[in-house]
Amino acid sequence: MNLARLDLNLVVALRALLEERNVTRAGRRVGLSQPAMSAALARLRRHFDDDLLARVGGHYELTALGQVLLDRTSTAYDVLERLFSSQAHFDPAVEGREFRLVASDYAVAVFGAELARVVHAEAPGIRLRFTQTPPSVVDDTATLLSATDGLFMPHGVISDFPATDLYDDSWVLLVAADHPDVGDRLTREDLSRLPWVTYQRTYDAPAVRQLGMLGIEPRVEVSVDSFQLLPLLVAGTRRIALVQARLARLMEPLAEVRVLQPPYEAVPLREALWWHPVHTHDAAHIWLRETAQRVGAGLSLKCGDGVTA
């Protein structure tokens, strides 16, 4: 396909048409008259050799191809927006823009909150929007990164994209403060015998794989899509949970739990900011990365209570 022959304005029109499913509303959304939007729809139909929008009764519905294009068009629009908003110079004190960052609730609590405080103080016109890491992050990393400004993720889950290291963390175990079967330490037998509450996605995969390599098969009683909920699901029960040490310190005062060291040498965790190569030389993104590195270095200086930097 010869991209030079394509009108990229059609991407804007296509997105509006597929999301609004109405020519008049789509035109109003992008500032085009109804005849102009109808002409754009006709051009798109000729290009794709498909109706895209099919009239059903008194309204339009997406065709099968239109449904496929819905998500792809949104991603393409985001990529183009980032491409053409790239800057040679960036002054955080006066600029106004939003950075979209993908992160687990652990990363937001431990790192994102401090990053937001620094950005608030140094760049009042900058907005940060954190969204939860989707399950598809491993299978379709390129698409995710192309539509966002960055992904907070520890090493060992994804690779082959640029990244900057932020801080180190370690894994600890949580038990209820009044756990009847656990004293000052846990044994490997305890890990096999007691019920577990686990994070149900793959981001802690290296630590979980290590348990399997040690011959420990956790008896999972509860799984949850939030690291911050793990302490609450441990408190008052016989369950145990594997969590990051920095998060454990934050959550320990909020739940009646105790933090114990694993009865083995747990694999460490190194959190990083990953991004799509299209952002590498963008001045605004360079500022974001340098700010994130500085915040991460500040966290490492505060690690004298059990987390190795």
Side-chain angles (χ1 to χ4, degrees), residues 103-111 133-139 141 151-161 163 165-176 179 181-234 237-252 255 257-274 296 299-300 303 305-309:
S104 67
D105 65 315
Y106 153 73
V108 175
V110 169
F111 180 82
T133 311
S136 61
V137 62
V138 176
D139 301 322
T141 308
L151 165 68
F152 294 114
M153 177 74 67
H155 286 277
V157 181
I158 63 173
S159 59
D160 300 327
F161 287 93
D165 292 346
L166 300 175
Y167 62 90
D168 289 350
D169 208 340
S170 59
W171 294 97
V172 295
L173 291 160
L174 294 183
V175 299
H179 199 297
D181 304 323
V182 176
D184 295 333
R185 55 186 294 274
L186 282 161
T187 66
R188 294 191 185 186
E189 180 183 0
D190 291 330
L191 302 189
S192 298
R193 175 176 57 87
L194 295 172
W196 283 71
V197 53
T198 63
Y199 187 71
Q200 64 190 30
R201 295 188 183 179
T202 59
Y203 314 143
D204 58 348
V208 173
R209 284 199 300 269
Q210 185 178 15
L211 288 175
M213 293 173 64
L214 294 171
I216 300 169
E217 297 295 333
R219 181 165 61 87
V220 179
E221 191 172 86
V222 179
S223 62
V224 64
D225 187 15
S226 168
F227 284 113
Q228 294 186 54
L229 289 178
L230 294 177
L232 300 178
L233 292 168
V234 165
T237 74
R238 297 180 63 253
R239 302 182 193 116
I240 55 178
L242 185 70
V243 301
Q244 304 89 343
R246 293 182 185 272
L247 181 63
R249 291 203 306 274
L250 287 176
M251 298 298 295
E252 191 175 12
V257 294
R258 286 185 287 140
V259 178
L260 300 176
Q261 293 300 315
Y264 58 91
E265 188 172 347
V267 60
L269 179 155
R270 174 160 291 178
E271 191 78 2
L273 170 62
W274 304 79
L299 288 184
S300 296
C303 67
D305 48 349
V307 178
T308 302

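Computed over heavy atoms, backbone and side chain alike; hydrogens, waters and symmetry mates excluded. In what follows, residues are counted from 1 in the order of the sequence shown. Nothing here was measured: the structure is a model prediction, and the numbers come from that model.
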task: Please examine the side chains of Thr198 and Glu221, heavy atoms only from C-beta on, and report whether any two atoms are closer than 4.5 Å.
output: no
query: With no hydrogens and no angle check, is any side-chain donor or acceptor of Gln210 less than 3.5 Å from a backbone partner on Glu265?
result: yes
- prompt: Are Val182 and Leu260 close enough that some pair of their side-chain heavy atoms sits under 4.5 Å apart?
  reply: yes
- prompt: Can Leu229 and Tyr199 be said to form a side-chain contact (heavy atoms from CB on, under 4.5 Å), step by step?
  reply: CA-CA 9 Å; Leu229 289 178; Tyr199 187 71; over 6 Å; no
message: Are Pro154 and Arg270 packed together at the side-chain level, in the sense that at least one heavy-atom pair is separated by less than 4.5 angstrom?
response: no
task: Determine, stepwise, if the pair Leu186 / Val175 fulfils side-chain contact (heavy atoms from CB on, under 4.5 Å).
output: CA-CA 9 Å; Leu186 282 161; Val175 299; 4.1 Å; yes
message: I'd like to know if the side chain of Glu217 reaches the main chain of Gly212, judged simply by a donor and an acceptor atom lying under 3.5 Å from each other, with no hydrogens or angles considered.
response: no
statement: Correct closest heavy-atom pair for Phe152 and Ala107 would be CB-CB, 4.0 Å
- prompt: Between Asp169 (side chain) and Gln244 (backbone), is there a donor-acceptor pair under 3.5 Å?
  reply: no
message: Any non-hydrogen side-chain atom of Leu151 less than 4.5 Å from a side-chain atom of Val137?
response: yes
- request: Could you tell me whether the side chain of Pro218 reaches within less than 4.5 Å of the side chain of Leu211, counting heavy atoms only?
  value: yes
message: Check whether Thr237 reaches the backbone of Val234 with its side chain - one donor and one acceptor, N or O, closer than 3.5 Å.
response: yes
query: What do the steps show when you test Gln261 against Leu173 for side-chain contact (heavy atoms from CB on, under 4.5 Å), and what is the final call?
result: CA-CA 6 Å; Gln261 293 300 315; Leu173 291 160; over 6 Å; no
field: Point-to-point distance, once rounded to the nearest 0.5 Å, from CZ of Arg219 to CD1 of Ile240
entry: 9.5 Å
message: Test side-chain contact (heavy atoms from CB on, under 4.5 Å) on Leu194 and Asp181; report intermediate values, then the result.
response: CA-CA 9 Å; Leu194 295 172; Asp181 304 323; 4.2 Å; yes
query: Can you find a pair of side-chain heavy atoms, one from Val259 and one from Leu174, that are under 4.5 Å apart?
result: yes
query: Do Trp274 and His155 have side-chain heavy atoms sitting under 4.5 Å apart?
result: yes
message: Between Trp196 and Leu191 (side chain of the first, backbone of the second, donor and acceptor by atom type, cut-off under 3.5 Å), is there such a pair?
response: yes
message: Going by side chain to side chain contact (heavy atoms under 4.5 Å, CB included), Arg246 matches just one of Leu299, Val172, Leu269. Which one?
response: Leu299
- prompt: Looking at Arg239 and His179, what are the two nearest heavy atoms and their distance?
  reply: O-CD2, 4.1 Å
query: Which of parallel (below 30°), tilted (30 to 60°) and perpendicular (above 60°) describes Phe227 and Tyr106?
result: perpendicular
From CG (Asp105) to CG (Asp225), nearest 0.5 Å: 8.0 Å
- line: Heavy-atom nearest pair, Ala272 first then Ala163, reads CB-CB, 4.3 Å
query: For the residue pair Arg188 and Pro263, what are the closest heavy atoms and their distance?
result: NE-O, 3.6 Å
query: How close do Val267 and Trp171 get, heavy atom to heavy atom, and via which atoms?
result: O-CD1, 3.0 Å
task: Of all the heavy-atom pairs spanning Arg258 and Gly183, show the shortest one and how long it is.
output: NH1-O, 2.6 Å
CZ (Arg185) with more than 12 external heavy atoms under 6.0 Å: no
